[in-house]
Amino acid sequence: MIKIISLAFLSFFMITTSTAQDKVLLKLKPDLNNPITQKLHMTIDVNAGAQSTMIDATMLSVTTNTAATDSTVTYSTKFTEMIMAMDAGMMTINYDSKNPDANEFSKQIHEKVKTMLDNPVVAVMSLDGKVKDVEDAPDGNDLFDPNMLKEASFEYPSKELKVGEQWKATSNNKALGPIEQTYTLKSISADGIAITTEGHINAEGESIGSVIGQYLLNPKTHYLKSATIETKVKKDDIDVTSKIEIL
């Protein structure tokens, strides 16, 4: 019995050691016509001295890969539900896409977001994770900017990575400026590929904010399973903290 237990521990040690030394080449493996549901929760806290605003929003979506080539995948994302609460001092606004006629504020918000709920967003992504083009985006929508998809995606490196290795990437945010980030491969397991990021937001040569995040990729397809991203920006006496969770 002792010998069997010893062998079991030895086997476990060998497996975990082997896993820790694994390398991975991050590259999307498209799974066509298999809808994936996601929940996005976002909070935004704007502090402008005596005036502050807090926004809490949740969006549900379904994404389907519709076509693929040797280097790209085309996908369609349909937002199915949106819930939002905004607290701006003396004013509180609530919106639920399932009940858009609840009040006048709700009706106004629905006018701005209804095209997102009625029409899917169609985009092309390279197999290294970077959005190359947004082919179809909702018209007449004040809240959705196609560039957001390009800015939010990050490019996988072209080489195999070991746990602990890092790579750098810079994205250009239209409103904030260049965002320089360092990504670190934290672990590889059957549950997923864990990646962290730390970065700085620069404007006119000065740092105005930071971003930290954690990503978990599907270990087989390398698609995003979940993420948490927190951004802090201070500009012109206005502090903005935002947090995005993808589940």
Side-chain angles (χ1 to χ4, degrees), residues 24-42 57-84 96-98 100 110-161 167 169 171-174 181 183 188 190-195 197 213-229 244-247:
V24 62
L25 176 63
L26 296 177
K27 187 175 182 180
L28 297 178
K29 300 173 178 61
D31 185 9
L32 298 182
N33 302 315
N34 183 21
I36 300 172
T37 59
Q38 279 189 326
K39 177 181 178 180
L40 186 150
H41 179 232
M42 176 174 62
T58 299
M59 290 182 284
L60 304 181
S61 66
V62 178
T63 297
T64 306
N65 294 323
T66 57
T69 69
D70 291 340
S71 59
T72 65
V73 58
T74 301
Y75 66 91
S76 172
T77 298
K78 179 74 163 57
F79 292 94
T80 58
E81 187 177 347
M82 184 181 298
I83 301 171
M84 183 173 69
D96 188 338
S97 61
K98 289 185 175 180
H110 190 67
E111 282 299 312
K112 294 181 179 295
V113 303
K114 65 180 182 180
T115 54
M116 282 181 62
L117 297 165
D118 293 338
N119 304 289
V121 178
V122 179
V124 178
M125 178 183 284
S126 61
L127 298 186
D128 60 10
K130 193 70 176 175
V131 174
K132 297 172 65 68
D133 187 30
V134 180
E135 293 186 339
D136 193 8
D139 293 327
N141 188 292
D142 295 337
L143 299 181
F144 182 82
D145 180 352
N147 286 314
M148 288 192 302
L149 287 179
K150 297 180 181 180
E151 294 166 359
S153 63
F154 67 94
E155 189 173 2
Y156 299 157
S158 58
K159 66 172 186 176
E160 286 188 330
L161 297 172
W167 74 97
S171 60
N172 291 302
N173 184 285
K174 189 166 63 173
Q181 296 190 68
Y183 298 92
I188 304 168
D191 292 329
I193 300 169
I195 295 169
T197 183
Q214 300 178 17
Y215 302 90
L216 185 66
L217 308 183
N218 183 298
K220 294 182 179 180
T221 65
H222 297 177
Y223 277 89
L224 184 68
K225 288 180 63 177
S226 62
T228 302
I229 306 161
I244 295 176
E245 296 176 284
I246 300 174
L247 306 169

Problem set entry | Atom of I193, atom of N218 and distance for their closest heavy-atom approach | CD1-O, 4.4 Å
Exercise. Any idea which heavy atoms bring P35 and V62 closest together, and the distance?
Worked result: CB-CG1, 3.7 Å
Problem set entry | Sequence-distant partners of T197, side chain to side chain contact (heavy atoms under 4.5 Å, CB included), two or more places apart | Q181, Y183, Y215
For this session: Verify the neighbour count for atom NZ of K39: are there more than 12 heavy atoms of other residues, nucleotides or ligands below 6.0 Å?
Result: no
For this session: May I ask you to decide if E155's main-chain N or O and W167's side chain share a donor-acceptor pair within less than 3.5 Å?
Result: yes
Exercise. From L127 CG over to K132 NZ, what is the distance, rounded to the nearest 0.5 angstrom?
Worked result: 10.0 Å
Exercise. Is a donor on one side and an acceptor on the other found under 3.5 Å between the side chain of T74 and the backbone of T66?
Worked result: no
For this session: Please lay out, stage by stage, how T80 and L117 fare under the test side-chain contact (heavy atoms from CB on, under 4.5 Å).
Result: CA-CA 6 Å; T80 58; L117 297 165; over 6 Å; no
Exercise. Nearest heavy-atom pair of M42 and I244: which atoms, and what distance?
Worked result: CG-CG1, 4.1 Å
Exercise. Any side-chain donor paired with an acceptor under 3.5 Å for D31 and Y223?
Worked result: no
Seminar exercise, completed: To the nearest 0.5 Å, atom OG1 of T58 lies from atom CD of E245 at 9.5 Å
Problem set entry | side-chain contact (heavy atoms from CB on, under 4.5 Å) partner of P30, chosen from T221, T69, V73 | V73
Exercise. CG of L40 to CE of M82: how many Å apart, nearest 0.5 Å?
Worked result: 9.5 Å
For this session: Nearest 0.5 Å please: distance from the CD1 atom of I36 over to the OH atom of Y75.
Result: 11.5 Å
Problem set entry | Distance-minimising heavy-atom pair for L161 and P157 | CD1-CG, 3.5 Å
For this session: Return yes if some donor-acceptor pair links the side-chain N/O of K220 with the main-chain N/O of K29 below 3.5 Å, else return no.
Result: no
Problem set entry | Minimum side-chain heavy-atom gap L26-I195 below 4.5 Å | yes
Exercise. When you look at V113 and M84, which way does the side-chain contact (heavy atoms from CB on, under 4.5 Å) test go after all the steps?
Worked result: CA-CA 11 Å; V113 303; M84 183 173 69; over 6 Å; no
For this session: Could you grab the distance from atom NE2 of H41 to atom CG of L247, nearest 0.5 Å is fine?
Result: 9.5 Å
Exercise. Got a sec: does the CD of Q214 have more than 12 other heavy atoms crowding it under 6.0 Å?
Worked result: no
For this session: Could you grab the distance from atom CG of N65 to atom OG1 of T77, nearest 0.5 Å is fine?
Result: 9.0 Å
Exercise. What's the shortest heavy-atom distance between P120 and K78, and which atoms?
Worked result: N-CD, 4.0 Å
For this session: Take Y156 and L28, measure what side-chain contact (heavy atoms from CB on, under 4.5 Å) needs, and give me the verdict at the end.
Result: CA-CA 9 Å; Y156 299 157; L28 297 178; 4.0 Å; yes
Problem set entry | side-chain hydrogen bond (donor to acceptor under 3.5 Å, both in side chains) partners for H110, two or more places apart | Y95
